[in-house]
Amino acid sequence: MHFCTLNNSDIRVTFENAIFNGLAPDNSLYMPVEVPQLKSSFFEEIEQLSFEDICIHVAEAWIGNEIPREHLANIIQDAMNFPVPLNILGDDTAVLELFHGPSMAFKDFGARFMSRVMSYFWKDCPQTLDILVATSGDTGGAVALGFFDVPNIRVTILFPKGKVSALQEMQISSLGKNIRAVEVDGTFDDCQTFVKQAFLDPELKRNFRMSSANSINVSRLIPQTFYYFLAYKKARLAGFDRVIFSAPSGNFGNLAAGIMASKMGLPVERFIAATNENDIVPQFLNGGEFKPRPSIQTISNAMDVGNPSNWPRILSLFGNNIQRLLQILSGHSFDDVQTQKAIKEVLNRYNYLVCPHSAIAWLGTQQTPSNGALRIALATAHPCKFPDIYPPEIIDSIVCPKGAARLSDAQQRKYPIKNSYVAFKEVFKALG
Ligand SMILES: *Cc1c(COP(=O)(O)O)cnc(C)c1O
């Protein structure tokens with residue numbers, strides 16, 4: 001499988017090149033030259049396939065023979081080693097729990113797959129690879145845990161001081177070894193700017209082999225297609241043959257992957273792009289202009305994105321034709337008050353606690369009549385990652401997995417810097 005870019009459909013790069021470049025040299029995003037098509041026999045037998053079988057089949061369609069099958073199978077066994085339950089709540093509504101990986105957010109799918117694939121290609125390179133990544137919270141933890149102790153690869157994570165939850169900060173800063181946490185006295189956007197600047201810095205480019213791990217990387221997108229197929233299998237086993245997905249969206253990587261899965265042949269009746277008040281996409285889908293703007297801080301902070309970078313991918317899958325897009329996608333946005341109300345409503349109705357992001361996905365499902373289809377809200381994080389947003393009467397309903405409790409007494413190692421690129425560069429060079 002080869003990749004071209006959104007700006008230039010004549011470019012051809014391998015999967016390996018696409019993942020180490022991250023962003024294409026023409027500053028646009030890599031796309032598969034053609035979305036691979038899965039055979040109808042795959043869907044006919046999907047109910048009998050294990051999650052591992054499904055992942056391998058889908059990954060092979062994407063990657064072809066660039067990674068031999070036995071290695072790909074090992075990568076998948078190692079990366080996707082946690083359960084993905086489909087929890088049917090009632091009223092033709094279900095949640096797909098994507099938060100049972102080590103960082104307790106769905107970003108584990110992308111980060112764990114990416115780290116193992118990069119390590120596969122990089123393992124015989126003499127030079128150390130430096131991964132730089134800016135995070136508003138969840139990406140950092142998933143990338144840190146995904147790359148921890150991977151030989152020959154170092155990770156530098158930039159996070160904004162005081163703007164990530166305590167648990168998120170511990171996930172980023174407690175590992176040590178090849179994972180270095182830099183605490184920037186600024187915003188997520190500042191962190192992102194420093195990363196971009198580092199990639200353009202001639203001195204750093206001379207002395208370091210740098211790559212990024214952000215959500216536009218195709219090696220994060222591919223594993224996010226896997227669970228859409230799994231959800232479909234589980235829905236079929238539960239007696240539904242039609243599905244609707246509601247994705248709580250920020251940078252729109254999750255939804256882009258779902259739409260790619262449908263383009264590969266997965267029968268999906270409808271997608272719902274559910275956002276918080278950062279409603280650039282819902283505004284556009286509901287007849288407005290596409291107007292990126294600085295992000296607004298909300299209680300679903302992993303979705304506080306004002307310029308969703310994967311959106312052009314989604315548009316391109318419909319030939320940039322909004323009418324065709326609207327046949328399968330609707331957009332809805334919800335504010336913090338609605339999110340808090342939804343958390344209580346889901347708890348009261350189904351005795352089930354959702355995180356604020358998953359609450360928005362659930363609200364999305366409620367905007368769409370089921371007509372006999374199963375409406376699946378993608379639950380993207382474990383509620384215990386965000387204890388501060390729950391009112392006192394709910395806090396006792398949070399049951400934390402064991403690992404989360406252990407983390408709270410771990411030791412932190414972080415490098416605090418003031419809000420300047422020069423300060424970042426000094427620390428990065430000193431860390432060597
Ligand atoms: C990153 C994240 C999202 C948003 O996903 P995108 O792919 O950026 O749209 C939603 N929920 C949680 C918990 C996240 O960490």
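Just so you know, ligand 1 is whichever comes first in the structure, and atom 1 is the first atom listed for that ligand.
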Practice task
Could you note down all residue pairs passing salt bridge (Lys or Arg N to Asp or Glu O under 4.0 Å) where residues 247-269 supplies at least one of them, sequence neighbours left out?
Solution key: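 Those involving residues 247-269 are Arg242-Glu269.
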Polar proximity ligand 1 side, [X] side, N/O cut 3.5 Å exclusive:
X: His357; result: no
X: Gly253; result: yes
X: Ala105; result: no
X: Ser249; result: no
X: Met303; result: no

Exercise for the section: Consider only side-chain N and O atoms of Asp201 and Tyr421, and report whether a donor and an acceptor are under 3.5 Å apart. Expected result: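 Yes - a donor-acceptor pair under 3.5 Å links their side chains.
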Exercise for the section: Give a yes/no on ligand 1: does Ser215 have at least one heavy atom closer than 4.0 angstrom to it? Expected result: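 Ser215 does not count as a contact of ligand 1 under the 4.0 Å cut-off.
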Handout entry: Phe208 ring center within less than 6.0 Å of Phe428 ring center
Key =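 Centroid separation for Phe428 and Phe208: below 6.0 Å.
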Contact atoms of ligand 1, heavy-atom distance to [X] under 4.0 Å:
X: Asp138; answer: 12 (C), 13 (C), 14 (C), 15 (O)
X: Lys107; answer: 1 (C), 2 (C), 3 (C), 14 (C), 15 (O)
X: Gly250; answer: 4 (C), 6 (P), 8 (O), 9 (O)
X: Asn254; answer: 7 (O)
X: Asn251; answer: 6 (P), 8 (O), 9 (O)
X: Phe106; answer: 1 (C), 2 (C), 3 (C), 5 (O), 7 (O), 14 (C)

Exercise for the section: Could you check Phe245, Phe106, Phe109 and say which one makes a ring-ring contact (aromatic ring centres under 6.0 Å, His included) with Tyr228? Expected result: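 Of the listed options, the one satisfying the test is Phe245.
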What class does the angle between the rings of [X] and [Y] fall in, given that below 30° is parallel, 30 to 60° is tilted and above 60° is perpendicular?
X: Phe194; Y: Phe424; answer: parallel
X: Trp311; Y: Phe252; answer: perpendicular
X: Phe3; Y: Trp62; answer: parallel

Handout entry: Protein contact to atom 12 (C) of ligand 1 [nearest heavy atom, distance to 0.1 Å]
Key =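 That would be Thr380 OG1, 3.3 Å.
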Handout entry: Validation row: Phe82, Asp108 side chains within 4.5 angstrom (heavy atoms)
Key =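 Yes, side chains in contact.
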Practice task
Return the set of residues passing side-chain hydrogen bond (donor to acceptor under 3.5 Å, both in side chains) with Lys385 (not counting sequence neighbours), or none when no residue passes.
Solution key: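 Testing Lys385 for side-chain hydrogen bond (donor to acceptor under 3.5 Å, both in side chains), a comparison that skips the adjacent residues, returns Asp138, Gln171.
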